[in-house]
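All remarks here apply to the structure that follows.
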Amino acid sequence: MSPIDLRSDTVTRPSPAMRQAMAEAVVGDDVYGDDPTVRRLERKAAELLGKEAALYLTSGTMGNLVALLTHCTRGDAAILGANSHILNYEGGGLSALGGILAIAADDSTGVIDPEDVRHHCRPPNVHFAPAKLLCLENTHNRCGGLALSPEQMAPAASAAQEQGLAVHLDGARLFNAAVAWGRQAKEYGALVDSVQICLSKGLGAPMGSLLCGTDEFVDRARFWRKRVGGGLRQAGVVAAAGLYALEHNIERLRMDHELAVLLAAALGKGGLAVEENPKGTNMIYFAVPAAKTDALCHRCAQRGVLISAAAPGRIRLVTHCDISKEGAEEAGQILLEEARAL
Ligand SMILES: Cc1ncc(COP(=O)(O)O)c(C=O)c1O
């Protein structure tokens, strides 16, 4: 029996209908601009985000990296949330490959205070690396999968833009945020200069991200994608899965959120210290004694429930399209039993 895999929404497998779309994809050499399926996917993403253009890339990490390389030059500074994915989990690519200085701002509430943005911009001065970019994240992974409304994101974005900075949104799970708030993705797109969305998370595609922005920005980003080795040839085979995901899998994210609410309630009722979330999506975080974190993961795995630790003492569960209500209930039961037995 296959395990109930709650480690991430990246573990989803393409559905039969998605595989069918992949098998039937019309393809060409995308580096020559000849792949009609990639072109359709890029147009569709640009339309959903309300941007002029979009660029298909292999991963969210590459999408964010290419955005940073396109917005900044060596020696520039980018302001990022201290808890952001870009700062914590993308291998320091912005510094390693872009020579970009990362300035960490407090984002413990999921947003960056506009005062902090202004403070980190700093005036032109030989002592300061010039800040060129603010990066935001929505939903915010380390902040519990928190969904921000456009109104909550706007103050930081406009504070940066007033100081002449560009704003990039790491929207790996932006559609989760949009669905949670009942808003259009383009309402978020309107606040920022560029946005990266992932197809390979809750949307269920096997790979791929899109970086959206103006025509001019995307042309330059295409050049950076090639430079980092990300130009693809008959990519329509995988782009077809992404197109299928954008056409069929956005609204169903609501079901993942509902499942997360049910699972969180069951775990809380069973005595686990589940974190509160003012606007949760498909993630549940709960606390366990730090020294027992690995043991819990291990014991659950032995019983067919895969979970992962975000940090010692902090477990994260993620619901997605390959988790049924019965699977979530069974996983909750096993988790509670194993947590009690620790
Ligand atoms: C918020 C956020 N941004 C970016 C990424 C990177 O995406 P990828 O794993 O496709 O590189 C992730 C991955 O989980 C993420 O959670």
Side-chain angles (χ1 to χ4, degrees), residues 5-14 41 45 49 54-69 78 80-94 96-97 102 107-108 110-112 133-148 153 167-178 180 185 188 192 194-212 225 228-230 232 235 238-239 241-242 245-246 253 256 260 277 279-285 306-311 314 316-320:
D5 196 341
L6 294 163
R7 289 172 300 169
S8 177
D9 48 9
T10 56
V11 302
T12 56
R13 303 215 167 89
L41 172 64
L49 273 301
L55 175 70
Y56 184 51
L57 307 105
T58 55
S59 68
T61 301
M62 186 183 273
N64 287 331
L65 175 65
V66 164
L68 277 142
L69 292 170
L80 300 121
N83 291 293
S84 65
H85 196 276
I86 297 177
L87 199 56
N88 291 282
Y89 302 120
E90 298 186 9
L94 77 169
L97 301 172
D107 64 345
S108 45
V111 289
I112 301 177
L133 182 68
L134 169 71
C135 295
L136 302 173
E137 183 175 317
N138 194 12
T139 63
H140 198 303
N141 189 339
R142 284 241 284 213
C143 291
L146 173 70
L148 303 167
M153 261 181 52
V167 181
H168 171 68
L169 172 60
D170 176 0
R173 296 181 182 81
L174 184 64
F175 290 107
N176 292 83
Y188 295 93
V192 298
S194 60
V195 50
Q196 182 275 121
I197 54 160
C198 284
L199 303 164
S200 59
K201 313 244 159 12
L203 295 180
M207 60 167 282
S209 280
L210 289 136
L211 178 60
C212 312
R225 184 188 68 173
V228 298
L232 298 169
V238 273
L246 291 181
L253 292 171
D256 301 342
N277 190 324
K279 198 72 170 173
T281 50
N282 65 338
M283 295 184 185
I284 301 154
Y285 281 84
L306 304 184
I307 61 174
S308 68
R314 192 175 187 227
R316 187 187 77 166
L317 310 176
V318 188
T319 55
H320 51 76

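Bear in mind that the values here come from a model prediction, so they are computed numbers and not experimental data. In each ligand, atom 1 is the first atom listed, and ligand 1 is the first ligand listed.
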Could you pull out every N or O of ligand 1 that sits under 3.5 Å from a protein N or O, with the distance for each pair?
residue  : atom   : partner : partner atom : Å
ligand 1 : 3 (N)  : Asp170  : OD1          : 3.1
ligand 1 : 3 (N)  : Asp170  : OD2          : 2.7
ligand 1 : 7 (O)  : Lys201  : NZ           : 3.0
ligand 1 : 10 (O) : Gly60   : N            : 2.9
ligand 1 : 10 (O) : Lys201  : NZ           : 3.2
ligand 1 : 11 (O) : Gly60   : N            : 3.4
ligand 1 : 11 (O) : Thr61   : N            : 2.8
ligand 1 : 11 (O) : Thr61   : OG1          : 2.6
ligand 1 : 16 (O) : Asn141  : ND2          : 3.0
ligand 1 : 16 (O) : Arg173  : NH1          : 2.8

| Mind checking what makes salt bridge (charged side-chain N to carboxylate O under 4.0 Å, His left out) contact with Asp9, not counting sequence neighbours? |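 Counting only residues at least two positions away or on another chain, Asp9 forms a salt bridge (charged side-chain N to carboxylate O under 4.0 Å, His left out) with Arg173.
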| task | Using salt bridge (charged side-chain N to carboxylate O under 4.0 Å, His left out) as the criterion, list what pairs up with Arg316, not counting sequence neighbours. | result |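 Salt bridge (charged side-chain N to carboxylate O under 4.0 Å, His left out) list for Arg316, sorted by chain: empty.
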| said: Donor-acceptor check, side chain of Asn138 to backbone of Leu148, threshold 3.5 angstrom: yes or no? | reply: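 Checking the backbone N and O of Leu148 against the side chain of Asn138, a donor-acceptor pair under 3.5 Å is found.
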| query | Checking Asp107 side chain against Ala82 main chain: does a donor-acceptor pair fall under 3.5 Å? | reply |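 Yes.
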| Quick one: does Leu68's side chain get under 4.5 Å of Ile86's, heavy atoms only? |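 Yes, close enough: below the 4.5 Å cut-off.
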| field | side-chain hydrogen bond (donor to acceptor under 3.5 Å, both in side chains) partners for Thr58, two or more places apart | value |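 For Thr58, no residue satisfies side-chain hydrogen bond (donor to acceptor under 3.5 Å, both in side chains) once neighbours in sequence are set aside.
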